[in-house]
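Since the structure comes first, as structure tokens, the remarks are kept for the end.
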Amino acid sequence: MRQKEQSPPPSPFTPPSARLRHRKHTKSQEVFPDVSKLNGGSNLLVDDQNKYRSMWVRTLSSFWMLGGVILILYLGHLYICAMVVVIQILMAAELFHLRRIVHESKRLPGFWLINWYFFFTAMLYVYGRILRQHLVNTVTSDKFFCKLVNGLFKYHMVICYFLYIAGVMWFILTLKKRMYKYQFGQYAWTHMILIVVFTQSSFTVANIFEGIFWFILPASLIAINDVAAYFFGFFFGRTPLIKLSPKKTWEGFIGGSFATVLFAFMLANILGQFRWMTCPRKDLSTGWLHCDPGPLFKLEYYPFPNNIAELLPWKGMWISPVQWHALWLGLFASIIAPFGGFFASGLKRAFKIKDFGDSIPGHGGFTDRMDCQMVMAIFAYIYFQSFVLAPGSSVEMILDQIERSLSHEEQQKLYAMLGQIFQDQKYGYM
Amino acid sequence: MDRDNGSGGPSTPSGPTARLRRRKGSTEVAPEVETNGDRLLLNDRNKYKSMLIRTYSTVWMIGGFVSIIYLGHLYIWGMVVVIQIFMAKELFNLLRKAHEDRQLPGFRLLNWHFFFTVMLFVYGRILSQRLVNTVTMDKFLYKLVGRLIKYHMVTCYFLYIAGFMWFILTLKKKMYKYQFSQYAWTHMILIVVFTQSAFTVANIFEGIFWFLLPASLIVINDIAAYIFGFFFGRTPLIKLSPKKTWEGFIGASFATMISAFVLANVMGRFQWLTCPRKDLSTGWLECDPGSLFKPEYYTVPQWFPEWFPWREISILPVQWHALCLGLFASIIAPFGGFFASGFKRAFKIKDFGDSIPGHGGITDRMDCQMVMAVFAYIYHQSFIVPQSLSIEMIMDQILMNLTFEEQRALYTKLGQIIMEKQFGES
């Protein structure tokens, strides 16, 4: 994960270097390039050749990424999770490495091991919590595995805690005189990285198992926002948006917002019609899914009012309730998610780095791709949990628990106790 | 949350410097370089004076602590919140550089914005159920609270995002690095401060016992380590804290475990300490303590000496759990202290603050407590709770997580399921 070599860090605002910046920036940032193209001075020919080449490189990698994502989507929930995990590992590797380069690490062999140790502890904890129920549902057929898995999960928290404590003790015992500040800095940096990486990926995975729809829609909206803002900025961009990212413009921002919200509305309609996307997966199998998608995804016909209907060839539209939710997601993706990109830009400027890595030719590293996605994934999860999740589901969950873990006699006992409580409450209110 | 003045340092290597180091009573960390052994007389007077100051503050802290325990769960929670605010304030101030700060007015406000957002989030989660239980009598409040809790996560998220956007919009050229460091530092502080206090509060409402016992064990461990080190200390334990010794460490471990065993017995007999509180009231508590706190009688084995007054010992099952807590408190919790010492050395600071005369700041007092509180919570959740009946757990869930209508719906459906089963079996 080397840094990009072709760049002496630019001083952002002087005009002659604008063209240089432009050439370099097209290769290394997901941020829309090209406002400076409108202000470019002479040397357009040289500009043009490099511009097309770098755009070609970017397009090629974009297509590869898109193709890979579609393939994984087709394969299913488990593979998407695996993809998320892989992306996570790569992001963490980039970010761990970054700090080491910014403040070179020397006389501490094996210190990087502690980073990865904490990474895997965090992974065990986070995915253990999220996928606990799914894992249990997968092994219900086998008595032995069932017991084993249940036993493991009962002590899951303790196990992860002791692993973490062992890591902390290891850290303390390897503190070396005169390296204290560096080591503590690394420790804090590790924690920040892990928090950032794991919060968003855990929410992403939780969303995936609620239905691929809730993963693919937010992710696409971010990509669409990027592309739309780029094009609007390309054609109409004049007013700079924020000093942190000098190539973004207000025109791109607003145009991108409109396009994103519109796309959100339409995309939700299209995606909502596939069972593969909308059905939640309750276990870790990989086969086909059947379910009743629920009233959220049922299309309803809305006829247009008469005066409009005369102008358009269609008499009405099919709209599913989920499209209104998608509007909110689109709004968030266009207005607030770009701040994730600004944050990453600011971070790069603060530590004078060009890119987080260079795994993806033309785009930079994985963290460069994922910075807006992270903000969006968290919002999508929280939105889903607060506004979409049907209120009856907690009743379902508890009923499930009752059926699974209590014997018949215990169920009857519970029933009797509940009845008693309701009686008391009734009399208490009267 | 007090440590005795003894922890000014279980002392160690012999020589004139040893006494000097001990006498600098104000930090738990050995001061950097003290090699002048010729001012002994002066230092003697200072030693007694500083020990007196430490004793005063300790007595005040213990007194305040005992009265809060007497007042109850809600007040203990209030105390935890106040301690938290002071800790956060100390830590926020620590790495701030006055020069840069002048150019960024309002940046401190951002820290406190994040602080209160996290506080709302954490305590909202932990205490939401109990809040609901408190207002069940009033229909209007009940609805209001229910609605607030439903959108609690979104509210906190948007508050956080607002802070995030505020941060980005106030980034100033040439101050980027400072601002990002402050941002990261704020997050680390909040995580450290709130994890342990969240777990502490969760423990408190499960029963004051689960808060008081771990906290006391840390204090006892400190004092015992000091005393053992004072009398027997010779071999240094770790370079980070040169005043700690192996003798102090091992002696303290034994003492802690024994006192854990005894203290659990003593504390377990008070219902005020062992009953969980299901709502936010402040009145007296009554409950069935559960099998964990019921004494079991063991006859003393034959080989015990004649003068032993009791022929029968009553042991509460919880005492065995207390042994595990004691083991952790003596062996692993001191690493919290080492971490804080290393941290102070790394950033060349003497104390985290100076709120407590003779002891340093509040963070100095709380560093081992933090590690212990988290462990106590996790231990409680993993080993204590599942031993209760599953019916109790599910009952709790039903009463706590569902609204009235949902409870009725569950009741009806459960009835149907049981009916079907009965028909299926007959």
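A note on names: the letters A, B, ... follow the listed sequences, proteins ahead of strands, and every chain is numbered from 1.
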| message | Within this structure, what is the OH-NZ distance for the pair B:Tyr176 and A:Lys348, rounded to the nearest 0.5 Å? | response | 13.5 Å
| So which heavy atom on A:Met169 is nearest to which on B:Ile332, and how close? | SD-CG2, 4.0 Å
| task | Flag the pair A:Arg349 / B:Phe180 as yes when at least one side-chain heavy-atom distance between them is below 4.5 Å, and no otherwise. | result | no
| message | Taking side chain as everything from C-beta outward and backbone as N, CA, C, O, which of these in B:Tyr379 sits under 4.5 Å from a heavy atom of chain A? Side chain, backbone, both or neither. | response | neither
| request: Kindly compute the distance separating OH (A:Tyr180) from NZ (B:Lys344), expressed to the nearest 0.5 Å. | output: 13.5 Å
| B:Phe164: which of A:Phe379, A:Phe339, A:Phe343 passes ring pair (Phe, Tyr, Trp, His ring centres under 6.0 Å) | A:Phe343
| query | CD1/A:Ile159 to CD1/B:Ile378 distance, rounded to the nearest 0.5 angstrom? | reply | 11.5 Å
| query | Would a 4.5 Å heavy-atom cut-off, applied to side chains only, mark A:Ile195 and B:Ile191 as touching? | reply | yes
| With chain A, which of B:Met188, B:Lys174, B:His187, B:Met165 has the greatest number of heavy-atom pairs at distances under 4.5 Å? | B:Met165
| request: Under 4.5 Å, counting heavy-atom pairs only, tell me which of B:Ile238, B:Ile161, B:Val374 racks up the most with chain A. | output: B:Val374
| request: Over 60° means perpendicular and under 30° means parallel, so classify the ring planes of B:Tyr151 and A:Phe387, tilted if in between. | output: parallel
| request: Verify the neighbour count for atom CH2 of A:Trp328: are there more than 12 heavy atoms of other residues, nucleotides or ligands below 6.0 Å? | output: no
| request: Would you mind telling me which of A:Phe171, A:Phe162, A:Phe342 has the largest number of heavy-atom pairs within less than 4.5 Å of chain B? | output: A:Phe162
| Under a 4.5 Å cut-off applied to non-hydrogen side-chain atoms, are B:Phe383 and A:Tyr155 in contact? | yes
| Distance-minimising heavy-atom pair for A:Phe184 and B:Ala346 | CD1-CB, 3.7 Å
| said: For the CZ atom of A:Phe332 and the CZ atom of B:Phe158, what is their distance to the nearest 0.5 Å? | reply: 5.5 Å
| So do A:Tyr381 and B:Tyr157 actually touch side chain to side chain, heavy atoms under 4.5 Å? | no
| said: To the closest 0.5 Å, what do you measure between CZ (B:Phe375) and CD1 (A:Ile165)? | reply: 9.0 Å
| remark: Turns out that what part of B:Tyr160 lies under 4.5 Å from chain A's heavy atoms comes down to neither
| task | Might you confirm whether atom CH2 of B:Trp166 has over 12 heavy atoms from other residues, nucleotides or ligands at distances under 6.0 Å? | result | yes
| Should we count CH2 of B:Trp246 as having more than 12 external heavy atoms under 6.0 Å? | no
| field | Pairwise distance NZ(B:Lys173) to NZ(A:Lys243) - rounded to 0.5 angstrom | value | 8.0 Å
